[in-house]
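Heads up: the structure comes next, in structure tokens.
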Amino acid sequence: RNTANSGSGDGKMQNNILIPVDGSESVEEILLYVTSITPRSDTIVTLLHVLPPSRQVNSGSSHAEKLNDALVNDGWKVSRELRMGDPIEEIIKLALLLPATMLMMSTHGRSGLERIREGSVTEQVVKQSPCPVFILHTTRPDTTKNKGDALFRRILVPLDGTQTSAAILKCVERFAKYHDSDVFLFHDELDSSVGSEKKSAIREALEEQSVALANTGLSVSLDMSTYRHPIREILNRIDELNISLVAMATHGETGERRALDESVTAEVIRHANCPLLVWSADPTCHPADEREVS
């Protein structure tokens, strides 16, 4: 196990990106994104390999070694962790312990029109994670070539008009400013029974969120549709607008069912053909019960 210093000399809080590695990942793609998301000087990358109790070795170990060597050679601070047990439990435990500021994971997305039903350690981690989860798809065509500075050129942000779904916007603002991205805010009505007064309130909230983000100097577009098929419309926008990243906050199923409920988020994770940044507004783990997570 290699352990990196968790603090900086000037007392500045560092980012800690936690990357669970199981051998299915594209090492090149992970390197491309992790080295673009955050400044090297302010970041520790923690590579986690969880070994199932019934197995002694698997390909995740060699992947972790390749990632470690490439990052260290490029001047990054890297920590490696080897755990044994249930992957979901071990990922969440370490995310709390560090604490991680972001998780980066690979998952299986769509392949043609086939729906992937495996489901996903990634989806379970999203529900429980105390920090945002950046998701890459192992079944997408290789996108590591000719990316240049266009990794996050166009960011799609599905919203439902609530402050909870808008919680992702601060993170979007940082991404967009760093990468000179265009931001597309999107809302599709879910329930035809919603009254006109509530529809007006949602529209007003979305317009305010759009203006607030645009006032930070970003290029922002607002798209509100009435098809009442949010999953389909989100996936359509990804393809039609050549979206580079989808950023969304999920409510789960607590309280009133909303457009960005758990099922919508899960379907977008499974079928999107671009990376996602997902934040659970109500994780099933409770960071405050373990330790304070900043």
Side-chain angles (χ1 to χ4, degrees), residues 4 6-8 12-22 25 30 33-40 42-50 64 67 71 76-81 83 86-107 120-137 152 155 157-158 163-176 178-179 245-252 254 260 262 265-266 268-269 272 275-294:
S6 61
S8 58
K12 183 178 179 181
M13 179 64 70
Q14 288 192 318
N15 296 319
N16 202 327
I17 298 182
L18 174 59
I19 307 179
V21 181
D22 68 6
E25 305 83 5
I30 288 179
Y33 280 98
V34 74
T35 57
S36 301
I37 285 174
T38 181
R40 182 190 296 115
D42 298 338
T43 305
I44 296 171
V45 177
T46 300
L47 304 176
L48 171 63
H49 176 44
V50 180
L67 281 168
L71 288 164
W76 290 77
K77 296 183 285 290
V78 182
S79 173
R80 289 182 62 183
E81 296 281 347
R83 302 291 175 91
D86 178 75
I88 298 166
E89 292 180 6
E90 295 303 322
I91 291 167
I92 297 302
K93 280 172 19 181
L94 187 56
L96 289 163
L97 179 65
L98 291 173
T101 53
M102 179 181 292
L103 272 158
M104 178 176 285
M105 301 186 67
S106 291
T107 190
S120 200
V121 169
T122 301
E123 290 172 27
Q124 294 300 317
V125 168
V126 165
K127 295 177 185 179
Q128 302 181 50
S129 176
C131 61
V133 182
F134 189 94
I135 302 169
L136 296 169
H137 290 271
F152 304 109
I155 303 176
V157 189
Q163 288 301 311
T164 304
S165 73
I168 197 71
L169 291 177
K170 280 295 181 184
C171 193
V172 170
E173 180 184 338
R174 291 192 294 270
F175 266 79
Y178 190 71
H179 294 276
L245 176 71
V246 175
M248 58 195 303
T250 177
H251 295 273
T254 58
L260 300 188
E262 179 181 309
T265 305
V268 175
I269 289 173
L276 295 94
L277 181 64
V278 183
W279 168 257
S280 176
D282 184 25
T284 55
C285 77
H286 298 284
D289 294 342
E290 304 286 341
R291 61 172 291 177
E292 183 176 353
V293 177
S294 56

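Positions are given from 1, in the same order as the sequence printed here.
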>> I'd like to know whether Phe175 forms a side-chain contact (heavy atoms from CB on, under 4.5 Å) with Leu277, so could you lay out the CA-CA distance, the side-chain angles of the two residues, the decisive distance to 0.1 Å, and finally the verdict.
In response: CA-CA 11 Å; Phe175 266 79; Leu277 181 64; 3.9 Å; yes
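- Atom CG of residue Leu169 and atom CH2 of residue Trp279 lie 14.0 Å apart, to the nearest 0.5 angstrom.
- Under the salt bridge (Lys or Arg N to Asp or Glu O under 4.0 Å) criterion, Arg40 pairs with Asp74, not counting sequence neighbours.
- For residues 90-107, the pairs satisfying salt bridge (Lys or Arg N to Asp or Glu O under 4.0 Å) are Arg83-Glu90, Glu90-Lys93, with sequence neighbours left out.
- Note: Leu97 CG to Ile92 CD1 = 12.5 Å, rounded to the nearest 0.5 Å.
- To the nearest 0.5 Å, atoms OG1 (Thr122) and CD1 (Ile135) are separated by 6.0 Å.
- The heavy-atom pair separating Pro87 from Val50 by the smallest distance is CA-CG1, 3.8 Å.
- When all heavy atoms of Arg80 and Ala64 are compared, the pair lying nearest together is NH2-CB, 4.1 Å.
- Between Cys131 and Leu103, the closest side-chain pair of non-hydrogen atoms falls below 4.5 Å.
- Annotation: side chain of Val121 is in contact with side chain of Ile91 (closest heavy-atom distance under 4.5 Å).
- In this structure, Met105 and Val125 approach most closely via the heavy-atom pair SD-CG1, 3.7 Å.
- By the side chain to side chain donor-acceptor pair (under 3.5 Å) test, Lys170 is found to be paired with no residue, residues two or more places apart in sequence or in another chain being considered.
- Here the closest heavy-atom approach between residue Val34 and residue Trp76 is recorded as O-CH2, 3.8 Å.
- The CD atom of Glu89 sits 8.0 Å away from the CD atom of Gln128 when rounded to the nearest 0.5 Å.
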> Do Ile155 and His179 pass the side-chain contact (heavy atoms from CB on, under 4.5 Å) test, and can you show the C-alpha distance, the side-chain angles, and the key distance before you say yes or no?
Replying inline: CA-CA 10 Å; Ile155 303 176; His179 294 276; over 6 Å; no
>> Is there a side-chain contact (heavy atoms from CB on, under 4.5 Å) between Thr38 and Met102? Walk through the geometry before answering.
In response: CA-CA 10 Å; Thr38 181; Met102 179 181 292; over 6 Å; no
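- Partners of Thr35 according to the side chain to side chain donor-acceptor pair (under 3.5 Å) rule, which considers only residues two or more places apart in sequence or in another chain, do not exist here.
- Contact detail for Ser165 and Ile168: the closest heavy-atom pair is O-CG2, 3.5 Å.
- Two residues are said to be in side-chain contact when any heavy atoms from C-beta on lie closer than 4.5 Å; Ile37 and Tyr178 fail this criterion.
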> Do Leu136 and Ser106 pass the side-chain contact (heavy atoms from CB on, under 4.5 Å) test, and can you show the C-alpha distance, the side-chain angles, and the key distance before you say yes or no?
Replying inline: CA-CA 5 Å; Leu136 296 169; Ser106 291; 4.1 Å; yes
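- Here the closest heavy-atom approach between residue Thr43 and residue Gln14 is recorded as N-NE2, 4.2 Å.
- To the nearest 0.5 angstrom, Ile19 atom CD1 is 10.5 Å from Leu48 atom CG.
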